[in-house]
Amino acid sequence: MAPLPRSILVVGSGGREHALVHALRRSPSQPRVLAAPGNAGIADDVPCLPVAVDNIRGLVELVQREAIDFVVVGPEVPLSLGLVDALEAAGVPAYGPKADGARLEASKIYTKEILQKYRIPTADAAFFEDADAAIAYLRARPAPIVVKADGLAAGKGVVVAASHDEAAAAVQALLALHSRPEPSAPPARILIEDCLVGEETSLLVVVSGRDYVILPTSQDHKRVGDNDTGPNTGGMGTYSPAEVVTPDLLARIDREIVRPSVDAIAAEGIDFRGTLFIGIMLTADGPKVLEYNTRFGDPETQVVLPRLRTDVVSLLWAAAHGELAGVSLDVRPEHALCVVIAARGYPDRYPKGDVIQIPDPLPPEVTVYHAGTARSAAGELVTHGGRVLGVTALGPTLPAAAHSAYATCERITCASKYFRRDIGARQLRRESV
Ligand code: AMP
Ligand code: GLY
């Protein structure tokens, strides 16, 4: 393999990118790590350069100016805008799929077509441009039923409708919201799919062509409120391992979903080198694919990476160079749990600019990853986004990790502080019976 990189740029500004920065800096190879654009917490750790994630030309120029020799891309937007293609053209290796692979996240209809073509277990679905046809179809299916916009929608493109009327309203709303911006653009499409019932799990897979490594299991909590109530968010908290995914079940998921997915992507002519994040519903009928994302999860990364003893620089570098065959992981036995501190009102309207105070020092088992944070003109740490911090703790058991993470959440002060009180509760309940 080519010698490990000396300088690495992490693209993005969330908790996921802060966790990536920490993991890369733990490497024995001691690379210089930079971030663009980063956030206030990342800037406390490494140099941050003010280039936005959708400024592809600006990012390539930055990489050349700073003599970066490896780029790790966090979010989906630069991937689907072709950042990795542009870096390849400039001769710079990157971890993350090119635009053809990123389409697996950017188009839910494209993904569904691949799932159907390769007979990978997933919910039955149909696609529509026309609202009347969509509504006629969904009224003939049992409710609840799921309506999805085709394109990237920052978590707002999916409606799990309890009734046919709610689903019909969602069809109108999503088609109006995603209607073509200009006459030459393709028409907006929506997907209607059967509702799957079960527990959800996030499987992060480091892929390099036909080779892959499955990262430790995790579960996210997508709804904003306790007991999974309220609107969907980007994720309010995670834990790892997800013990609902027993070794036998993981072997089944590997056989029925991961291997067929990786082979299908390769068979479609895509040389995928990056994270395939498979959202899976564990139904009574077996595991089924909800979606593919083509990047690390946020906040899954905040619990998965701290559990790796494996050098993350070597892992991602090997994947980017097509040299993942034979790589296996060394995973710490500890449990990790991450509680997201959000600004009250997220995912709708929320305030910005509230002063945040984080205890210093933190207990050794706790790390606070920054997401939507910034520095005020006076240099104070302030809120700057919906999800503000990810408080991650490691512990010998899940209750121990939860106890440490929640104790730190209580000690963090911020006027708009909001967090779920039940991260990990489902697994904790299962353990106590
Ligand atoms: P997606 O972006 O497709 O993963 O959808 C976002 C969330 O909506 C998922 O994490 C699930 O919680 C829910 N969801 C999506 N599709 C379905 C489905 N077919 N049945 C039940 N829930 C779903
Ligand atoms: N936490 C879910 C996601 O990253 O999409």
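Below, each value reflects all heavy atoms present in this structure, side chains not excepted, and no hydrogens, waters or symmetry copies. Because the structure is predicted, anything quoted here is derived from the model rather than measured. Remember, it's 1-based here, ligands and their atoms both numbered in the order they're listed.
- For ligand 2, the atoms closer than 4.0 angstrom to any heavy atom of D220 are 1 (N), 2 (C).
- With hydrogens and angles disregarded, a donor-acceptor distance shorter than 3.5 Å links the side chain of E17 to the backbone of G14.
- The ligand atoms of ligand 2 that sit less than 4.0 angstrom from a heavy atom of E300 are 1 (N), 2 (C), 4 (O).
- The OG atom of S261 sits 9.0 Å away from the CG atom of L104 when rounded to the nearest 0.5 Å.
- The closest approach between any non-hydrogen atom of C195 and ligand 1 is below 4.0 Å.
- The protein atom (non-hydrogen) at minimum distance from atom 13 (C) of ligand 1 is V160 CG2, 4.0 Å.
- Nearest protein heavy-atom neighbour of atom 23 (C) of ligand 1: L290 CD2, 3.8 Å.
- Ranking the protein heavy atoms by distance from atom 12 (O) of ligand 1 puts E200 OE1, 2.6 Å first.
- Judged by the shortest distance from any of its heavy atoms, D220 lies outside the 4.0 Å radius around the atoms of ligand 1.
- Both the backbone and the side chain of L196 come within 4.0 Å of ligand 1, counting heavy atoms alone.
- Counting heavy atoms under 4.0 Å from ligand 2, residue N293 touches it through the side chain alone.
- Closest of all the heavy-atom pairs between L398 and G424 is CD2-O, 3.9 Å.
- Looking at G234, G297, G235, G14 and measuring to atom 2 (C) of ligand 2, the nearest heavy atom belongs to G234.
- Contacts between R16 and ligand 2, counted as non-hydrogen atom pairs separated by less than 4.0 Å, are absent for every part of the residue.
- By the criterion of a heavy-atom distance under 4.0 Å, neither the backbone nor the side chain of V197 is placed next to ligand 1.
- None of H18, H22, R25 except one satisfies the side chain to side chain contact (heavy atoms under 4.5 Å, CB included) rule with V46; the exception is R25.
- Using a 4.0 Å cut-off between heavy atoms, E105 makes no contact with ligand 2 at all.
- In this structure, atom 8 (O) of ligand 1 lies nearest to the protein heavy atom V158 CG1, 3.5 Å.
- For atom 7 (C) of ligand 1, the nearest non-hydrogen atom of the protein is N232 ND2, 3.8 Å.
- Proximity to R295 (heavy-atom distance under 4.0 Å) selects the following atoms of ligand 2: 3 (C), 4 (O), 5 (O).
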